[in-house]
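Read through the structure below, which is laid out as structure tokens, and then see the notes.
Note that the coordinates shown come from a computational prediction; the quantities given were computed from them, not determined experimentally.
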Amino acid sequence: MRHQAKPAFPKARHYLEREIHELAQDNPIWHFFRKGSMDGIWYWDLERLENKWISPEFWELIGYDPAHRMHVRGAWKDVIFPEDLDAMLKKFEALRSGPDTPYDQLVRYRHANGSTVWVRCRGLAIRDGNGAPIRMLGTHIDVTPLKQAEETARAAQGVATNANEELKAFAYSTSHDLKSPANTIRMLLEEARRALNTGDLTDAKQMLDKAETTNNAMRGMVDKLLDYTRTVGTTTVPDPIDLDLLLVDVVQDLAADISRSGAKLHVDTLGIAKGIDWQLRKLFQNLISNAIKFQTKGNTPRIEIRTAPSKPGVLTIEVEDNGIGIAEEDQKRIFDLFSTLNRPSLYQGSGVGLAFCARVAHTHGSRLSVKSDLGAGTMFSFQLPS
């Protein structure tokens, strides 16, 4: 009994698919080439633009079941970025009317999960005997990993550039502001030398004591500056931190200042946040120290550390005091390096503490905000990933 020969192609196949298989002679080499070097092929009827056959690999690349996608313009038009579609159609029109040049374009498609897939689309027009373009054959190549690496490199370059500019400004500011204590020490040493030359040991000792005090203050400033530079351009991976335990340590470290001032400290339960331990430790330490320091004479410091309502995944922390407050016109510059608003004779400080706190908030994806009225206390707030 003779078996009836099977048709070369199932009747259900799209006519453009049959054409391309005939064009490729449907041999194993063509299948190997298609699977191994491309992320799909496409074949477009330029005489009937609504019809475009796209191989299953493309739909799988952008997260769709090929069995449920049609070979019509609307199917792929719905997932391409509109601006890329406009650029694509302009290039096709130029190709149809112009010379026989290859088509090559980076196109963005929206994946089924909402992400962006970058695809390099390349194609070549097939013309009839009169030179008119009747078909277009092309390939899809996934370049998403390359584009992601490019964007990561660009972001890293931006961070490095910003960090470099910040460090330049920091170096200029530091060199300028360290000259003052250095000049003071030199002057005091010269005075001590004159006193020694005249035999006035008491005066010489006073000058040396003042020089030592100034030197210690400068060393403290340098230590704070080193902390600040460690936050510039930092890429440290945040860890889960129990803020309640962290604050127990901070309060213990400040026990002498709290006891001496009689400060009343109220700390709510803060919970767990993601962050950089040493940075957050110093941030809380600076804010509490400032709240104790900047007080009207005879006033008992009262400090409250609490959380505030915020969106899911975010922990908003507020640190409020009853100190001298900050005038509205001064609130923008309190975060500048070496910015001191008050007379050194009343409130000693390096002008680095709040600049450091602002940097810590920045490295944690937030900003340090301030609300204050002169004479009515101050509240600082920032956010952390919870």
Side-chain angles (χ1 to χ4, degrees), residues 4-112 116-144 146-147:
Q4 185 175 359
K6 292 182 179 180
F9 301 98
K11 291 181 180 180
R13 280 190 175 181
H14 195 278
Y15 78 95
L16 289 174
E17 183 183 8
R18 291 199 302 272
E19 280 189 21
I20 197 170
H21 275 283
E22 290 169 358
L23 186 67
Q25 298 180 353
D26 201 19
N27 60 49
I29 294 177
W30 167 253
H31 286 296
F32 173 80
F33 176 69
R34 195 183 92 184
K35 292 279 188 181
S37 62
M38 295 174 285
D39 294 294
I41 57 175
W42 49 273
Y43 191 49
W44 201 352
D45 187 342
L46 299 184
E47 297 174 306
R48 291 181 289 176
L49 288 175
E50 70 276 9
N51 292 329
K52 183 179 182 182
W53 180 80
I54 303 175
S55 66
E57 294 87 354
F58 169 76
W59 297 114
E60 292 167 356
L61 174 65
I62 62 173
Y64 292 95
D65 182 355
H68 298 114
R69 306 304 294 188
M70 301 295 292
H71 296 290
V72 294
R73 181 174 171 180
W76 56 270
K77 185 180 177 182
D78 290 342
V79 293
I80 191 174
F81 277 50
E83 54 269 37
D84 293 350
L85 175 62
D86 292 340
M88 173 189 289
L89 295 178
K90 288 178 182 178
K91 287 191 176 184
F92 280 152
E93 287 303 316
L95 184 64
R96 292 176 68 188
S97 58
D100 195 13
T101 54
Y103 162 76
D104 195 339
Q105 183 184 359
L106 285 181
V107 180
R108 292 166 295 171
Y109 291 95
R110 185 66 63 192
H111 194 280
T116 299
V117 180
W118 286 83
V119 176
R120 184 182 183 187
C121 295
R122 305 182 69 189
L124 186 66
I126 299 173
R127 301 176 183 272
D128 62 15
N130 297 321
I134 56 173
R135 298 287 189 271
M136 195 159 191
L137 175 63
T139 64
H140 288 133
I141 302 174
D142 180 20
V143 295
T144 305
L146 293 176
K147 294 299 294 184

Mind checking the [atom1]-[atom2] spacing from [X] to [Y]? Nearest 0.5 Å is all I need.
| X | Y | atom1 | atom2 | answer |
| --- | --- | --- | --- | --- |
| Asn51 | Tyr43 | CG | OH | 12.0 Å |
| Arg127 | Leu46 | CZ | CG | 9.0 Å |
| Glu57 | Asp142 | CD | CG | 12.5 Å |

Would you check if [X] and [Y] make a side-chain contact, meaning some heavy-atom pair closer than 4.5 Å?
| X | Y | value |
| --- | --- | --- |
| Thr116 | Arg110 | yes |
| Asp39 | Val119 | no |
| Leu16 | Trp44 | no |

How far apart are the closest heavy atoms of [X] and [Y], and which atoms are they?
| X | Y | result |
| --- | --- | --- |
| Ala87 | Gln105 | CB-NE2, 3.4 Å |
| Ile62 | Val79 | CD1-CG2, 3.9 Å |
| Ala125 | Pro133 | CB-CB, 4.3 Å |
| Ile54 | His140 | CG2-CE1, 4.0 Å |
| Trp76 | Tyr109 | O-CE2, 4.3 Å |
| Ile134 | Glu47 | CG2-OE2, 3.6 Å |

message = One thing to verify: whether Lys52 and Asp45 come together as a salt bridge, which I'm taking to mean a side-chain N less than 4.0 angstrom from a carboxylate O.
response =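 Lys52 and Asp45: not salt-bridged.
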Counting N and O atoms only, with roles assigned by atom type, does the side chain of [X] sit under 3.5 Å from a partner on the main chain of [Y], one being a donor and the other an acceptor?
| X | Y | answer |
| --- | --- | --- |
| Asp128 | Asn130 | yes |
| Asp84 | Arg108 | yes |
| Trp42 | Thr139 | yes |

side-chain contact (heavy atoms from CB on, under 4.5 Å) assessment of Cys121 paired with Phe58 = CA-CA 11 Å; Cys121 295; Phe58 169 76; over 6 Å; no
